[in-house]
Amino acid sequence: MNIADLRKSYEKAELNENASNADPLKQFEQWLQEAIAAEVPEPNAMTLATVASNLRPSTRVVLIKGCDERGIVWYTNYDSRKGQELAGNPFAALQFHWVELERVVRIEGRVEKVSDEESDAYFHSRPLDSRIGAWASPQSQVIEGRTVLVTNAAKYAAQFMLRPPRPPHWGGYRLVPDEWQFWQGRKSRLHDRLRYSQGDGQWLRERLAP
């Protein structure tokens, strides 16, 4: 099949200014809970986009681990490519795509590290294998083969047993939103698209052409 011929008609729902929440965080939380209730695959998965010092963008999928009025939180290796890019340019974009609900959420803003206390608390809540894995993987670095990871995992498992500490190179980031966009697929490509942007200490909600 010619990929140019692949099409879908979006007809599941609508999004309008009167029915949406004036607070984008509350609107996001509503949609996230609906995605979880609908049992869409990995509703907590989000694409993270960063930009390097040479202005080349890169994306990868990470998992949301928290959200409140302070922002959106995920955890990773600070020495990874995304960590290095955020160190040089602390602005990023996130995107959730809940295909089955025909919805997309885009979030942009400044990124900061969460506190050591928050990172410690989340790290120690993870399964043991995941905690060992944080030590075993030199994320984004070239390795000779999978044997490197397996050998590292065995080494750190023997070293730390059941109590691995949080690695100094591993922890959380928080994106502090200054813009949200909510997209709901509609028939005939006349999609609903609402943007929330900050102005004078409050959120301005506007409709954008799809």
Side-chain angles (χ1 to χ4, degrees), residues 8 10 12-13 15 20-21 23-50 57-83 85-86 90-134 136-137 139-140 164 166-167 169-185 191-196 203:
K8 177 182 177 180
Y10 301 97
K12 286 187 178 293
L15 176 66
S20 62
N21 202 295
D23 184 337
L25 175 62
K26 292 181 179 179
Q27 181 65 37
F28 170 74
E29 291 175 332
Q30 176 186 329
W31 272 20
L32 177 59
Q33 290 303 316
E34 290 176 2
I36 294 171
E39 298 183 341
V40 305
E42 294 199 281
N44 55 333
M46 57 187 185
T47 300
L48 164 66
T50 56
S58 62
T59 65
R60 73 287 292 160
V61 176
V62 297
L63 301 179
I64 183 175
K65 292 300 178 181
C67 67
D68 56 27
E69 65 282 353
R70 296 173 298 170
I72 308 296
V73 174
W74 69 95
Y75 292 85
T76 190
N77 187 315
Y78 290 144
D79 294 334
S80 64
R81 178 177 177 179
K82 55 186 171 296
E85 292 181 351
L86 287 171
F91 291 89
L94 301 170
Q95 177 173 288
F96 292 83
H97 186 193
W98 297 309
V99 178
E100 292 77 8
L101 300 180
E102 301 174 352
R103 288 174 173 173
V104 173
V105 179
R106 296 165 55 188
I107 313 166
E108 299 179 16
R110 185 177 180 88
V111 178
E112 61 189 23
K113 289 183 178 179
V114 306
S115 68
D116 288 342
E117 292 76 14
E118 289 177 90
S119 290
D120 286 339
Y122 175 69
F123 182 80
H124 292 297
S125 75
R126 305 179 84 207
L128 177 60
D129 287 350
S130 296
R131 283 178 278 155
I132 293 296
S137 174
Q139 193 174 112
S140 299
R166 178 174 64 90
H169 58 264
W170 191 98
Y173 286 105
R174 176 181 288 109
L175 183 142
V176 182
D178 55 30
E179 181 174 307
W180 300 70
Q181 286 194 34
F182 295 84
W183 181 95
Q184 176 71 60
H191 311 303
D192 290 329
R193 184 179 172 194
L194 298 184
R195 178 179 66 187
Y196 295 72
W203 290 102

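Being a predicted model, the structure only gives us computed values, none of them experimental.
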Would you say that [X] contacts [Y] through its side chain, given a criterion of any heavy-atom pair below 4.5 Å between the two side chains?
X    : Y    : value
S20  : L15  : yes
W31  : F96  : no
V105 : I107 : yes
Y122 : V73  : no
Q95  : V104 : yes
E108 : D178 : yes
W183 : H191 : yes

**Prompt:** Can you say whether the rings of F123 and W170 are parallel (under 30°), tilted (30 to 60°) or perpendicular (over 60°)?
**Reply:** perpendicular

Quick one: pull up [atom1] in [X] and [atom2] in [Y] and give me the separation to the nearest 0.5 Å.
X    : Y    : atom1 : atom2 : result
C67  : N44  : SG    : CG    : 11.0 Å
L94  : M46  : CG    : CE    : 5.0 Å
L175 : I72  : CG    : CD1   : 7.5 Å
S115 : R174 : OG    : CZ    : 7.5 Å
R193 : Q181 : CZ    : CD    : 4.5 Å

Between the side chain of [X] and the main-chain N/O of [Y], is any donor-acceptor distance below 3.5 Å?
X    : Y    : answer
R131 : R126 : yes
W180 : L25  : no
S119 : G172 : yes
Q27  : N21  : yes
Q184 : L101 : yes
E102 : K12  : yes

For the residue pair [X] and [Y], what are the closest heavy atoms and their distance?
X    : Y    : answer
E100 : P41  : OE2-CD, 3.4 Å
P177 : G71  : CD-CA, 3.8 Å
L128 : P164 : CD1-CD, 3.7 Å
A49  : T59  : CB-CG2, 3.9 Å
P43  : L32  : O-CD1, 3.7 Å

**Item:** Among L86, L48, V62, side-chain contact (heavy atoms from CB on, under 4.5 Å) partner for Y173
**Value:** L86

**Asked** Which residue pairs pass the salt bridge (Lys or Arg N to Asp or Glu O under 4.0 Å) test with at least one member in residues 25-48, sequence neighbours excluded?
**Response** E34-R103

**Message:** Show me the pairs that pass salt bridge (Lys or Arg N to Asp or Glu O under 4.0 Å) and involve residues 57-76, at least two apart or across chains.
**Reply:** R60-E85, D68-R70, R70-E118

**Request:** For side-chain contact (heavy atoms from CB on, under 4.5 Å), just list the numbers for E112 and V176, CA-CA rounded to whole Å, side-chain angles, deciding distance to a tenth of an Å, and then say yes or no.
**Result:** CA-CA 8 Å; E112 61 189 23; V176 182; 4.0 Å; yes

**Message:** Is the distance between the ring centroids of F182 and Y196 under 6.0 Å?
**Reply:** yes

